[in-house]
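This report refers to the structure that appears directly beneath it.
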Amino acid sequence: MIIDFHTHAFTDSVAGKAISSLSETSGIAPLTDGTVKNLIEFMSKEGVEKSVILPVATKPSQQITINNWASSVSDEHIISFGTLFPFSDNILEEAERIKSLGLHGVKFHCEYQKFFPDEPDMYPVYQKLAELGLPVIFHGGWDPVSTDIIYATPERFAKAISDNPKLTFIIAHLGGMKMWEDVEKHLAGKFDNLYLDTSCLSRYIAPETLYNIIRLHTPDKILFGSDSPWDKPSDITVMINNLPLSDSEKEKIFYLNAKKLLNI
């Protein structure tokens, strides 16, 4: 079994425009058309049983609409997270509504939403999410939209995690895309309430670096993720299968850790 903890899809009405824009920004050809239907078809070809969709609100007015949509597409194949826009007026109320909709957590993207994860004004939000039992997943490290300022650095995350020990943090891209030394220094193996996912790594990380971070953080706290439609689950699977990990450790990464975290 494989649970892909990091995928993206959009409403049918905006999928084409969104995928085209993101592809132009990243220089990466998409592997789906951005719709949920096509994601499910892609999952079947790639041997993925369940996918976690991680939507991102890029302005406050999008929260309610996106979260309603995320709830509506959830089924036996799709597990949806919700999204919050930092510092929006109704952010605590929307966090409660995310819980009531049956969504499984909250996605933030510091590079798109332009905030540092350790900003004290976000701490009441983190406390609310902890109270609600909702894990939070962040983009980690560099992104094609990054400027000379990278908001989602391992050092910033370490401060936020340390200050909010009751909240479950998940940092995508193994803690910080293209910032592997900082991941090892500030995050790997440092926190019990931190998970890292493996998304979009097949083109960005050497196998020995991947293995070292997994070992430092332990396979118990690693989640399989592809960042579909920007990377193939099968490519990430090959990378992990080629590492000197035991079968039981690989099972934890591929699906057992996700099942436990999501309570499914």
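These figures come from a predicted structure and were not determined experimentally.
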Just one of Phe191, Tyr195, Phe138, Phe169 clears the ring-ring contact (aromatic ring centres under 6.0 Å, His included) bar with Phe157, so which one?
-> Phe138
Would you kindly confirm whether Ile66 and Val36 end up in one hydrophobic cluster when ILVMFWY residues are joined by side chain heavy atoms under 4.5 Å apart?
-> no
Counting N and O atoms only, with roles assigned by atom type, does the side chain of Ser74 sit under 3.5 Å from a partner on the main chain of Ile79, one being a donor and the other an acceptor?
-> no
Do the side chain of Glu46 and the main chain of Phe42 share a donor and acceptor less than 3.5 angstrom apart?
-> no
Minimum-distance pair of heavy atoms, taken over all atoms of Leu132 and Ala95 | CD1-O, 3.5 Å
Exercise: do Ser100 and Glu96 side chains pair donor with acceptor under 3.5 Å = no
Could you state whether Leu245 and Ile3 fall into the same hydrophobic cluster, counting links through intermediate Ile, Leu, Val, Met, Phe, Trp or Tyr residues with side-chain heavy atoms under 4.5 angstrom apart?
-> yes
Is the CD atom of Glu251 crowded by more than 12 outside heavy atoms at less than 6.0 Å?
-> yes
Any side-chain donor-acceptor pair under 3.5 Å between Ser88 and Glu94?
-> no
Mark yes or no for whether Thr237, through its side chain, and Pro233, through its backbone, hold a donor-acceptor pair below 3.5 Å.
-> yes
Indicate, with yes or no, if Ile161 and Leu216 share a hydrophobic cluster defined by side-chain heavy-atom contacts under 4.5 Å among Ile, Leu, Val, Met, Phe, Trp and Tyr.
-> no
Would a 4.5 Å heavy-atom cut-off, applied to side chains only, mark Ile240 and Val238 as touching?
-> no
Beyond-backbone contact of Val106 with Thr83, side-chain heavy atoms, under 4.5 angstrom = no
Does the Asn257 side chain pair with the main chain of Pro219, one donor and one acceptor, at a distance under 3.5 Å?
-> yes
With a 4.5 Å heavy-atom cut-off, do Val136 and Ile170 have their side chains touching?
-> no
Can you tell if the side chain of Val183 reaches within under 4.5 Å of the side chain of Leu174, non-hydrogen atoms only?
-> no
Is any side-chain heavy atom of Ile222 closer than 4.5 Å to a side-chain heavy atom of His217?
-> yes
Using atom types as modelled and distance alone, determine if a side-chain donor or acceptor of Ser21 lies under 3.5 Å from a backbone N or O of Lys17.
-> no
Side-chain donor or acceptor of Ser199 paired with backbone N/O of Ala172 under 3.5 Å | no
Please report the shortest heavy-atom distance between Pro135 and His104, naming the atom on each side.
-> CD-O, 3.2 Å
What pair of heavy atoms forms the shortest contact from Ala158 to Leu187, and how long is it?
-> N-CD2, 3.8 Å
Hey, does the Lys NZ or Arg CZ of Lys107 hover above the aromatic six-ring of Phe81, less than 6.0 Å from the centre and inside 45° of the axis?
-> no
Whether over 12 other heavy atoms sit under 6.0 Å from Lys114 NZ | yes
Side chain Ser51, main chain Ile78, donor-acceptor under 3.5 Å | no
Quick one: do Asp163 and Asp118 satisfy side-chain contact (heavy atoms from CB on, under 4.5 Å)? Show the steps, please.
-> CA-CA 8 Å; Asp163 289 343; Asp118 61 341; 5.8 Å; no
To the nearest 0.5 Å, tell me how far Leu194 CG sits from Asp192 CG.
-> 9.5 Å
Output yes when a side-chain donor or acceptor of Lys50 lies under 3.5 Å from a complementary backbone atom of Glu76, and no otherwise.
-> yes
For His109 and Asp143, the nearest pair of non-hydrogen atoms, with its separation, is NE2-OD2, 3.5 Å
Tell me, with the steps shown, if Leu167 and Gln127 meet side-chain contact (heavy atoms from CB on, under 4.5 Å).
-> CA-CA 7 Å; Leu167 177 62; Gln127 291 166 9; over 6 Å; no
Flag for Asp197-His173: side-chain donor and acceptor within less than 3.5 Å | no
In Å and rounded to the nearest 0.5 Å, what is the CD to CZ distance from Gln113 to Phe87?
-> 9.5 Å
For Thr11 and Ser13, test the side chains for any donor-to-acceptor distance below 3.5 angstrom and give the result as yes or no.
-> yes
Hey, are the side chains of Met239 and Leu210 touching, using non-hydrogen atoms and a 4.5 Å cut-off?
-> yes
Do Ile64 and Leu84 share a hydrophobic cluster (ILVMFWY, side-chain heavy atoms under 4.5 Å, transitive)?
-> no
Begin from the C-alpha positions of Ser248 and Ser246 and carry the test side chain to side chain donor-acceptor pair (under 3.5 Å) through to its verdict.
-> CA-CA 5 Å; Ser248 62; Ser246 69; 3.1 Å; yes
Between CG of Asn68 and CG of Leu103, what distance do you get to the nearest 0.5 Å?
-> 9.0 Å
Checking side-chain contact (heavy atoms from CB on, under 4.5 Å) for the pair Leu223/Val52: CA distance, chi angles, key distance, verdict?
-> CA-CA 11 Å; Leu223 301 166; Val52 178; over 6 Å; no
Approximate separation, where rounding is to 0.5 Å, of Cys110 SG and Ile149 CD1 = 13.0 Å
Which atom names give the shortest non-hydrogen contact between Ser228 and Thr32, and what distance separates them?
-> OG-CG2, 4.2 Å
Please answer whether the main-chain N or O of Gln63 pairs with a side-chain N or O of Asn67 as donor and acceptor at a distance below 3.5 Å.
-> yes
Pairwise distance CZ(Phe254) to CD(Glu249) - rounded to 0.5 angstrom | 12.0 Å
Would you say Ile253 and Met1 are hydrophobically clustered, going by side-chain heavy atoms of ILVMFWY under 4.5 Å?
-> yes
Just one of Phe108, Phe116, Trp142 clears the ring-ring contact (aromatic ring centres under 6.0 Å, His included) bar with Tyr151, so which one?
-> Phe116
Identify whether the distance between the nearest side-chain nitrogen and carboxylate oxygen of Glu184 and Arg215 falls below 4.0 Å.
-> no
Indicate the ring-plane relationship of Tyr126 and Tyr123, choosing parallel, tilted or perpendicular according to the 30° and 60° boundaries.
-> tilted
When you look at Ser202 and Asp231, which way does the side chain to side chain donor-acceptor pair (under 3.5 Å) test go after all the steps?
-> CA-CA 7 Å; Ser202 68; Asp231 212 337; 2.7 Å; yes
Count the heavy atoms belonging to other residues, nucleotides or ligands that lie under 6.0 Å from NZ of Lys250, then report whether that count exceeds 12.
-> yes
Closest contact, heavy atoms only, Asp33 versus Ala15 | O-CB, 3.7 Å
Would you call Pro86 and Met122 a side-chain contact if the rule is heavy atoms closer than 4.5 Å?
-> yes
May I have the step-by-step check of side-chain contact (heavy atoms from CB on, under 4.5 Å) for Phe224 and Asp4, ending in yes or no?
-> CA-CA 6 Å; Phe224 181 91; Asp4 191 338; 4.2 Å; yes
Close side-chain approach of Leu54 to His8, heavy-atom, < 4.5 Å | yes
Side-chain donor/acceptor of Ser23 to backbone N/O of Ile28, under 3.5 Å | yes
Determine whether more than 12 heavy atoms belonging to other residues, nucleotides or ligands lie under 6.0 Å from atom CD of Glu208.
-> yes
Reported NZ-to-CD distance for the pair Lys45 and Glu41, which is rounded to 0.5 angstrom | 7.0 Å
Are Glu119 and Arg156 within salt-bridge range, i.e. N to O under 4.0 Å?
-> no
Do you see a donor-acceptor pair shorter than 3.5 Å between the side chains of Glu93 and Asn90?
-> no
